[in-house]
Amino acid sequence: MKTALITGITGQDGSYLADFLLYLGYEVHGVVRRSSSINTKRIDHSFGRLHLHHADLTDSASLVSVLAKVHPDEVYNLGAQSHVRVSYDVPGFTHEATGLGAFRLLESLRTLGLTPRVYQAGSSEMFGGNEHSCCEFLSEECRFHPRSPYACAKVFAHHCAVNYREAYGMHVSNGILFNHESPRRGETFVTRKITRYVAEVFYNRADGPLKLGNLEAKRDWGYAPEYVCGMWRMLQQDRPGDYILATGETHSVREFLELAFQEIGEDYRAHITRDERLLRPAEVNTLLGDYSLAENTFGWRPMTHFAGLVKKMVQAELEDYERGLEEVWRFYHKD
Ligand code: NAP
Ligand code: GDD
């Protein structure tokens, strides 16, 4: 039985990766940070099968302690302050957790003399958008041009991973993942914000119009469970490397809105308003990726495309909402 350690196990990707590794028969350990309220809802269904440890990417001592205890075969560094807009509000913390956190993890492994395979969660944000590249599709060869504190931190983490690989021969791979979404997506990312609102409209619970920022931004949106399989496949290669996972299609926020509202037979234009506060000081206008290296090296390719993703997310949201309403109804009709 292999042992894996996941930082960021309570997040969207960490929770799907934990499900997948448990399914494969791994012993799965996860790093959770102390929070004043319980935030483990994405992993509660597997609680008894997971080994959870308190630690924080901003605290080297806590990382050393967990790594020394677990002796993992594989480490997936998914922990991060991952919200691009918020990284402008908390740039210092973003650099600590998202950038230096990766360095602390690698350096802890090195000083402990541990040699697991390591996955570093890189991002398409590091490219700053197709407008900063000479290629139609962004590939592993394209130059980075980070346009937020979050993206700067991810570029730093990426280079640390390459350096530990080259300098110390560690088996460290960088995944450069384009946006991937799911019903477990955080509620302040634009896809989930929209699908939640669509369910509120459907059940007549919407409280005023949906406030959004830039509707013209385009993203290469895939389905998260498929991307965590790609992370695992990356680490099964004899040689570490850097790989893009993407769909090879790009769509605007406006297109996402159109399709999501179509699912409930409504026109999005009647339900939204623009909020300048949601604009970013520097925007990444378009992301479109080339996943051919991953496909040719380990056979990964996306299965869910844009329309299917929107449908899945809206349907899950409607089911979730209905379940919630049923619970409330049962609570008030106990007798
Ligand atoms: P997410 O839902 O925001 O989850 C982030 C996770 O990191 C959470 O478990 C969070 O814990 C944890 N975390 C935050 N600060 C931490 C700290 N100081 N120490 C330890 N853990 C900390 O993100 P995601 O969408 O699953 O993404 C996973 C990783 O892939 C992230 O590194 C993200 O930047 C990267 N990525 C994501 C995408 C995407 O489209 N989803 C694309 C490219 C790259 P709490 O639950 O306590 O907040
Ligand atoms: N969050 C949000 N909220 N974004 C909005 C809104 C809004 O109300 N209105 C418009 N947008 C636009 C943003 O300006 C951005 O261009 C686009 O919608 C997507 O925003 P997010 O869903 O917040 O995701 P992101 O692309 O900035 O970042 C995500 O993907 C990266 C990979 O490219 C995150 O998961 C990052 O962690 C990840 O690295």
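Both ligands and their constituent atoms are indexed starting at 1 by order of listing.
- Taking 4.0 Å as the cut-off, Y150 counts as a neighbour of ligand 1 on heavy-atom distance.
- Applying the 4.0 Å criterion to heavy atoms of L278 picks out, from ligand 2, the atoms 8 (O).
- With a heavy-atom cut-off of 4.0 Å, N39 touches ligand 1 through its side chain alone.
- Using a cutoff of 4.0 Å between basic side-chain nitrogens and carboxylate oxygens, K154 and E125 are not scored as salt-bridged.
- Inspection of the S173 and Q237 side chains reveals no N or O donor paired with an N or O acceptor under 3.5 Å.
- In this structure a side-chain-to-backbone donor-acceptor pair under 3.5 Å is missing from R254 to L215.
- The residue among A80, A157, G122 with a heavy atom at the shortest distance from atom 5 (C) of ligand 1 is A80.
- Which parts of ligand 1 touch L177 is read off a 4.0 Å heavy-atom cut-off, strictly below it: atoms 42 (C), 43 (C).
- Not one N or O of N77 is nearer than 3.5 Å to an N or O of ligand 1, by distance alone.
- Neither the backbone nor the side chain of H83 comes within 4.0 Å of ligand 1, counting heavy atoms alone.
- Of the heavy atoms in R85, none comes closer than 4.0 Å to ligand 2.
- Looking at atom 17 (C) of ligand 1, its nearest protein heavy atom turns out to be D56 OD1, 3.4 Å.
- Heavy-atom contacts of E283 reach the following atoms of ligand 2: 13 (C), 14 (O), 15 (C), 16 (O) (cutoff under 4.0 Å).
- More than 12 heavy atoms of other residues, nucleotides or ligands lie within 6.0 Å of NZ in K193, so this atom counts as buried by the packing criterion.
- Under 4.0 Å is where a charged nitrogen must lie from a carboxylate oxygen, and between R110 and E107 at least one such pair does.
- Shown in contact with H83 at under 4.0 Å from a heavy atom are these atoms of ligand 2, numbered in order with element: 1 (N).
- Contacts with ligand 2 closer than 4.0 Å are made by side-chain heavy atoms of R219 only, the backbone lying farther away.
- The shortest N or O to N or O distance between S123 and ligand 1 is not under 3.5 Å.
- The side-chain tip of R205 does not point at the ring of Y203 from less than 6.0 angstrom away and within 45° of straight on.
- Between V310 and F256, the closest side-chain pair of non-hydrogen atoms falls below 4.5 Å.
- Protein heavy atom nearest atom 16 (C) of ligand 1, with residue, atom name and distance: R33 CD, 3.7 Å.
- Backbone and side-chain nitrogen or oxygen atoms of V190 are examined, and one is located within less than 3.5 angstrom of a nitrogen or oxygen of ligand 2.
- Protein heavy atom in closest approach to atom 1 (N) of ligand 2: T188 O, 3.0 Å.
- Atoms of ligand 2 lying under 4.0 Å from any heavy atom of S124, numbered from 1 in the order shown and given with element: 32 (C), 33 (O).
- Exactly one of D13, D19, D44 qualifies for a salt bridge (Lys or Arg N to Asp or Glu O under 4.0 Å) with R184. That residue is D19.
- Atom 39 (C) of ligand 1 has its nearest heavy-atom neighbour, among R184, R104, H180, in H180.
- Those atoms of ligand 2 with a heavy atom of V84 less than 4.0 angstrom away are 27 (O), 28 (O).
- For the residues S252, S123, S82, G122, the heavy atom positioned nearest atom 39 (O) of ligand 2 is part of S123.
- In the vicinity of Y150, heavy-atom distances shorter than 4.0 Å reach the ligand 2 atoms 36 (C), 37 (O), 38 (C), 39 (O).
- Taking 4.0 Å as the cut-off between side-chain N and carboxylate O, E74 and R117 do not count as a salt-bridged pair.
- Counting only heavy atoms from C-beta outward, the side chains of M234 and Y119 approach each other to under 4.5 Å.
- Among protein heavy atoms, the minimum distance from atom 25 (O) of ligand 1 is reached at R185 NH1, 3.4 Å.
- Given atom 25 (P) of ligand 2, the protein heavy atom at minimum distance is N179 ND2, 3.8 Å.
- Heavy atoms from other residues, nucleotides or ligands lying under 6.0 Å from CD of E187 number more than 12.
- Using 4.0 Å as the threshold, E125 has no heavy atom nearer than that to any atom of ligand 1.
- A heavy-atom separation below 4.0 Å is found between R185 and ligand 2.
- With respect to atom 9 (O) of ligand 1, the closest heavy atom belonging to the protein is T10 OG1, 2.6 Å.
- If you check the side chains of H83 and Q81, you find no donor sitting under 3.5 Å from an acceptor.
- The shortest N or O to N or O distance between L78 and ligand 1 is under 3.5 Å.
- The protein non-hydrogen atom at the shortest distance from atom 30 (O) of ligand 1 is A121 CB, 3.5 Å.
- Looking at G213 next to ligand 2, an N or O pair under 3.5 Å apart turns up.
- Below 3.5 Å of separation, one finds no N or O of W221 facing any N or O of ligand 2.
- For atom 23 (O) of ligand 2, the nearest protein heavy atom (residue, atom name, distance) is R280 NH2, 2.9 Å.
- Numbered from 1 in the order shown, with element, the atoms of ligand 1 that lie under 4.0 Å from a heavy atom of A97 read 18 (N).
- Between W221 and V253 the shortest side-chain heavy-atom distance falls below 4.5 Å.
- Looking at N179 next to ligand 1, no N or O pair under 3.5 Å apart turns up.
- A cation-pi geometry, defined here as NZ or CZ lying under 6.0 Å from the six-membered ring centre and within 45° of its normal, does not hold between R233 and F298.
- Under a cut-off of 6.0 angstrom, the local environment of CD in E216 is crowded, with over 12 non-hydrogen atoms contributed by other residues, nucleotides or ligands.
- Here the rule is ring-ring contact (aromatic ring centres under 6.0 Å, His included) with F20, and of Y76, Y26, W232, Y227 only W232 fits it.
- Using modelled atom types, one side-chain atom of S87 and one backbone atom of Y150 make a donor-acceptor pair closer than 3.5 Å.
- Shown in contact with A217 at under 4.0 Å from a heavy atom are these atoms of ligand 2, numbered in order with element: 16 (O).
- Nearest residue to atom 2 (O) of ligand 1 from E181, Q12, R42, R34 is Q12 (criterion: closest heavy atom).
- Across every non-hydrogen atom of T250 and L287, the tightest pair is OG1-O, 2.9 Å.
- Counting only non-hydrogen atoms, the option in L57, D220, L63 that gets closest to atom 21 (N) of ligand 1 is L57.
- Among protein heavy atoms, atom 12 (C) of ligand 2 sits closest to N214 O, 3.8 Å.
- Here atom 23 (O) of ligand 1 lies nearest to S82 when heavy atoms of G175, S87, S82, G11 are compared.
- For H158 and F144, the gap between ring centers is short of 6.0 Å.
- Taking the six-membered ring where the residue is Trp, the centroids of H132 and F127 are separated by 6.0 Å or more.
- Counting all heavy atoms, side chain and backbone alike, L112 lies closest to A68 at CD1-N, 4.0 Å.
- For ligand 2 and K193, the ligand atoms under 4.0 Å from any heavy atom of the residue are 7 (C), 8 (O).
- Of all atoms in ligand 1, numbered sequentially from 1 with element shown, those under 4.0 Å from a heavy atom of D13 are 26 (O), 27 (O), 28 (C), 30 (O).
- Side-chain atoms of E131 and N285 include a donor-acceptor pair closer than 3.5 Å.
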